[in-house]
Amino acid sequence: MTFRSAEVMAGLMLVAFSVFAWREAASIRGDAAFFPSAIIVALGFFSLVYLVRSVAAGRRTEAVFERWWIFVAALAISLIYANAVAYVGYVTSTVVFIPVMAWVIGFRRPAYIAVTTLVYLLCVYFMFEVVFRRPLPSEMLLELLRSVR
Amino acid sequence: MLAAFTDALIAVMTLSNLVAMVSGTIAGIIIGALPGINVTVGIAILIPLTFGMEPLFALGLIAGIFNGASYGNAIPAILLNVPGTPAAVATTFDGHPMAQKGRSAHALRIACYASALGAIASAISLILIAPPLARVTLLFGPAEYFWLAILGLSSIAVLLGSDPVKGLIAACVGMLLATVGIDQMTGAMRFHFGYWELADGLPTVVVLTGLFAFSRVLMMAQEGKLTGVSCEDLKLSRDKSEGPILKGMLPTLTRSGIIGIIVGILPGVGGNAAALLAYNEEKRVAKDAETFGKGNPKGVAAAECGNSADNSSSLIPMLTLGIPGNAIAAIIMGALLVHGLVPGPQLFREEPLIVYGFMIQMLFTAAILFVLGGMVATRIFAQVLRLPSVVLVPLIVSLMTIGIYTTTYEIMHLYMAIGFGLVGYFMIKLDFPVAPFVLGLILGGVAEFNFRVAMRIAQGDWTYLFQNVVSKILVALLALIVLTALSRFIRDLRSRTRGTEAERMTEE
């Protein structure tokens, strides 16, 4: 995708967002609607200016999103990790997450990653549990083992 | 004031706070030197982690990171000619030529001491200017606060970045998001889409962390720098200079310090402008102007002193008025809000220990740089450049995740951080400035609340907003900014039209 087409797309999305926000603001009653409505009008105006200018602009042909698959993979892994931290536990998720993320984005030195993961987890555990007494999310594996016993 | 200052000094001098300041400064130097991340990212990651800490401990860490990173930026700028942030660009002009001549160690020590002196001067200006200014601002009413918020926001939106339209769009979106949740005055729910978690509005810390840290992580993953700098490139020459490092540089440091302090107070200008202005001024008055750009130590000192002198002074509008003048001040304001501290004149009255303590911490952490500027420390800090930046990607995501999650244990906040990370990523990719967005989010509520209070006082009479002298001055400044934006927009439009015509003619 070229910079120009990305700008046109962003302009269209901003105009659509302004229309959507305007419709939402219409459901707000009384005084509370005035300020957001005024901002939406300003946003809509500037978005239109941006869109028209982007359409009329000269061709900026440089690519905007290079290596987009890395971006998608990093985003997806981060989302899975966010859920895993909450449901599986922090340590278990992180032991898997750091090597997987590093591998996917191209860093493939297993020993380096293993040491980094270990040192990082020890630091986080020490800071959270020992220094700040802020409990890390409970580990599902440990809970399971306890219930089996 | 003196009693409050003495109490704060005693509070700051506890062992735990000293540890926080020293470790914050070390972390700041490392963050500044690290490829790919900067002070905003560093503080954004730290804020959720500070939740539950003693406020002075947390602020000590932040002060250390802020001042430490100013010097840390100079390490890659001097050794590799790679400015980690725009503020370090001016340091490369003479710093790297010095390194090429085998004087890298000398250049780094000049950078460190000049940074420390600039940051100390800036902290002193903060201590001297902020308390009396806070007393003056107690006289401000809702109309003045409304205009001040709009002025602060407009100046950032228009002056920051090359495109005022993009700045204004970012500011509008930020202000609109500030209206999410329960309206303070009527209790009406706004833009919650059925999610009652949004009743209290968007959590500022989560938005800031996502916007600055997660967006940066996505950029780093895409850039995919798999190797760090080699050992050979990091070999520091022995510093053979004799006598004091900054000998004969007092006028340079004085000029650069004053420029940095003034630039810091102005909204939307920033450290890069301070460094460049200080450098240019030094070159202008120098008798040996031709040696600038070829390894003149005064060039390094001017750039670094100017850059660091903007640090504490940039916090003056935020601490006294609750109006942050740049992205870092906005992030630090977010950190204060996490601890239930609302910046503004009332903070000086209600929490003098914290606010004076923070100002003293800014001064102490600047002084700590002197200790850390020794050759052994510099050699160690330079080694972080060997770290491949992709290794930081999973570590930052993990730290960000655990920081946010253990603040409230709500998974919704993690989704929000990732969502705002995406917004930040696309903004960076399309050259939208992020600072107006953040300031809109913070100042949107201030502007709306004060506007509506003013309207209630005046019973709907709009002229009330223009009655006070201060309001009139603020409106005049606002008009000036709008005119500047308009002229830039027209000039930009003309140059674009010319560019398009030239393209067409070339094609024909």
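As the structure is a prediction and not an experimental result, all values here were calculated from the model.
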Task: Neighbour count above 12 (heavy atom, 6.0 Å) for A:Y125 OH - done: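 Check fails, neighbour count at 12 or below.
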- [ ] Count the heavy atoms belonging to other residues, nucleotides or ligands that lie under 6.0 Å from CE of B:M412, then report whether that count exceeds 12.
- [x]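 It does: B:M412 CE has more than 12 such atoms within range.
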Can you tell which part of [X] gets under 4.5 Å to a heavy atom of chain A, answering side chain, backbone, both or neither?
| X | answer |
| --- | --- |
| B:T50 | backbone |
| B:S398 | both |
| B:A188 | side chain |
| B:A447 | both |
| B:L176 | both |
| B:I169 | both |
| B:L422 | side chain |
| B:V390 | both |
| B:M185 | neither |

Does any backbone or side-chain atom of [X] lie under 4.5 Å from a heavy atom of chain B? Answer side chain, backbone, both or neither.
| X | answer |
| --- | --- |
| A:P135 | both |
| A:F107 | both |
| A:A73 | neither |
| A:T94 | side chain |
| A:I28 | side chain |

Which value, rounded to the nearest 0.5 Å, describes the distance between [X] atom [atom1] and [Y] atom [atom2]?
| X | Y | atom1 | atom2 | answer |
| --- | --- | --- | --- | --- |
| B:M175 | A:L43 | CE | CG | 11.5 Å |
| A:T117 | B:L395 | OG1 | CG | 7.5 Å |
| A:S78 | B:I396 | OG | CD1 | 11.5 Å |
| A:R29 | B:D183 | CZ | CG | 14.0 Å |
| A:I70 | B:E223 | CD1 | CD | 12.0 Å |

Can you name the closest pair of heavy atoms from [X] and [Y] and give their distance?
| X | Y | value |
| --- | --- | --- |
| A:F97 | B:P394 | CE2-O, 3.3 Å |
| B:P388 | A:Y112 | CD-OH, 3.4 Å |
| B:I418 | A:A82 | CD1-CB, 4.2 Å |
| A:F35 | B:G444 | CE2-O, 3.8 Å |

Specify which of [options] makes the most heavy-atom pairs with chain B at under 4.5 Å.
| options | value |
| --- | --- |
| A:L79, A:V104, A:L136, A:I113 | A:L79 |
| A:T116, A:I98, A:V100, A:V124 | A:I98 |
| A:L14, A:I77, A:N83, A:V49 | A:N83 |
| A:P137, A:A33, A:A102 | A:P137 |
| A:S93, A:A38, A:A25, A:S27 | A:A25 |
| A:R134, A:E24, A:M101, A:R67 | A:R134 |

Task: From CA spacing to verdict: side-chain contact (heavy atoms from CB on, under 4.5 Å), A:M127, B:I402 - done: CA-CA 12 Å; A:M127 292 304 288; B:I402 196 61; over 6 Å; no
TODO: Could you please spell out the steps behind the side-chain hydrogen bond (donor to acceptor under 3.5 Å, both in side chains) verdict for B:T401 and A:Y90?
DONE: CA-CA 9 Å; B:T401 304; A:Y90 182 68; over 6 Å; no
TODO: Take A:F45 and B:V165 through the side-chain contact (heavy atoms from CB on, under 4.5 Å) test and state the conclusion after the steps.
DONE: CA-CA 10 Å; A:F45 172 73; B:V165 175; over 6 Å; no
Open item on the list: Using 30° and 60° as the class boundaries, would you call the ring planes of A:F71 and B:F426 parallel, tilted or perpendicular?
Closed with: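 Ring orientation, 0 to 90° scale: perpendicular.
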- [ ] On the 0 to 90° scale, with breaks at 30° and 60°, tag the A:F34-B:F451 ring pair as parallel, tilted or perpendicular.
- [x]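 The arrangement is parallel - the two ring planes meet at less than 30°.
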